[in-house]
Amino acid sequence: MLWAGFLFGLLGSFHCVGMCGAIALALPGRLDAASPNWHYLGGRLLYNLGRITTYTVLGAGAGLVGQTLRLAGWQQSLSIVSGLLILVLVVVPERHTSRVAAAVGLDRPLAWLKQTLAYLFQQASPGALYLTGVLNGLLPCGLVYLALAGALSAPGLGGSASYMLLFGLGTLPLMLGLSLTGRLVPMLWRARMRQAVPYVASLMAVLFIVRGLGLGIPYLSPQLSAPTAQAAQPQLPPTVHYCR
């Protein structure tokens with residue numbers, strides 16, 4: 001279900017416009033006759049590439065957790081857990097993310113993150129724009145948490161990283177267009193699409209749960225077999241007996 005990452009990023013990018021649109025619009029550099037257009041476009045591409053890089057790395061981390069759970073025999077249940085986690089994140093209001101961050105001791109790292117972003121916004125170099133995107137991907141975001149919950153059940157470490165890579169690529173068209181034009185989508189449509197994000201996430205959660213149930217439906221809910229202890233044991237070479 002790697003395609004779900006791209007689809008979720010594409011539909012959820014309207015949420016990104018509402019939450020991170022101000023950052024995209026405030027990026028340093030201006031489009032004018034004094035500087036070449038490719039320099040302005042390249043800077044915006046680097047910023048978005050930084051975001052996607054962070055999403056991919058976070059996806060690899062989620063894949064590591066998922067791989068550990070599979071080795072513990074949670075292969076079939078992992079998809080159900082991912083779906084339930086998505087539903088929980090949909091129900092919990094996003095405004096509580098800052099309280100949760102403070103409760104687990106992330107308030108200081110977040111303060112450092114915001115200070116560093118403020119410093120980078122004073123620069124206009126390609127490296128600063130890329131790092132701005134990298135750090136922006138670490139800011140608390142309910143949409144990213146939802147995507148990571150889905151990446152947990154992706155096949156393997158590479159599958160989870162690819163899931164989040166596709167998620168980031170799904171957000172690219174709208175976020176890049178916003179940083180270039182500033183008025184790509186009317187405000188009314190932004191609000192409507194943001195309201196639709198929880199429904200899309202809930203539908204994805206149901207798909208993950210149905211997939212984990214192993215109902216024998218091809219592609220949608222295939223039978224998932226947990227790795228057996230015999231398969232997990234390394235294959236030893238056959239014993240060779242020598243004649244004396």
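Scope of the values below: all heavy atoms of this structure, side chains included, with no hydrogens, waters or symmetry mates.
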For [X], enumerate each residue passing the side-chain contact (heavy atoms from CB on, under 4.5 Å) test, keeping only those at least two apart in sequence or located in another chain.
| X | answer |
| --- | --- |
| L117 | T132, L135, L139 |
| V65 | L69, L152 |
| F6 | L10, L166, L169 |
| S162 | L2 |

* Asked: Which ILVMFWY residues are connected to L64, directly or by a chain of links, through side-chain heavy atoms under 4.5 Å apart?
  ->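 L157, listed by chain and number.
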* Asked: Do Y163 and S153 get their side chains close enough for a donor-acceptor pair, meaning under 3.5 Å?
  ->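 Note: Y163 and S153 side chains miss the donor-acceptor criterion.
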Is there a donor-acceptor contact under 3.5 Å from the side chain of [X] to the main chain of [Y]?
| X | Y | result |
| --- | --- | --- |
| T54 | V134 | yes |
| R44 | L129 | no |
| S160 | A151 | yes |

Please examine the side chains of [Y] and [X], heavy atoms only from C-beta on, and report whether any two atoms are closer than 4.5 Å.
| X | Y | result |
| --- | --- | --- |
| I52 | F167 | no |
| T53 | Y130 | yes |
| L87 | I209 | yes |
| L143 | F8 | yes |

* To do: State the CG-OG1 distance between L131 and T116, to the nearest 0.5 angstrom.
  =>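 The CG atom of L131 sits 10.0 Å away from the OG1 atom of T116.
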* Asked: What is the distance from atom CG of L11 to atom CG of L174, rounded to the nearest 0.5 Å?
  ->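 Going from the CG atom of L11 to the CG atom of L174 covers 11.0 Å.
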* To do: Output all residues satisfying ring-ring contact (aromatic ring centres under 6.0 Å, His included) with Y47, sequence neighbours left out; order by chain, then residue number.
  =>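 For Y47, no residue satisfies ring-ring contact (aromatic ring centres under 6.0 Å, His included) once neighbours in sequence are set aside.
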* Asked: Would L7 end up clustered with Y145 when hydrophobic side chains under 4.5 Å apart are linked, directly or stepwise?
  ->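 Yes, one cluster joins them.
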* Cluster link L120 to L113, ILVMFWY, side chain under 4.5 Å ->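 Per the 4.5 Å side-chain linkage, L120 and L113 are co-clustered.
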* Identify the two heavy atoms, one from L46 and one from P126, that lie closest to each other, and give their separation to 0.1 Å. =>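 Shortest heavy-atom contact: CD1-CB, 3.4 Å.
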* Quick one: closest heavy-atom pair of G59 and M164, and the distance? =>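 The answer is CA-CG, 3.3 Å.
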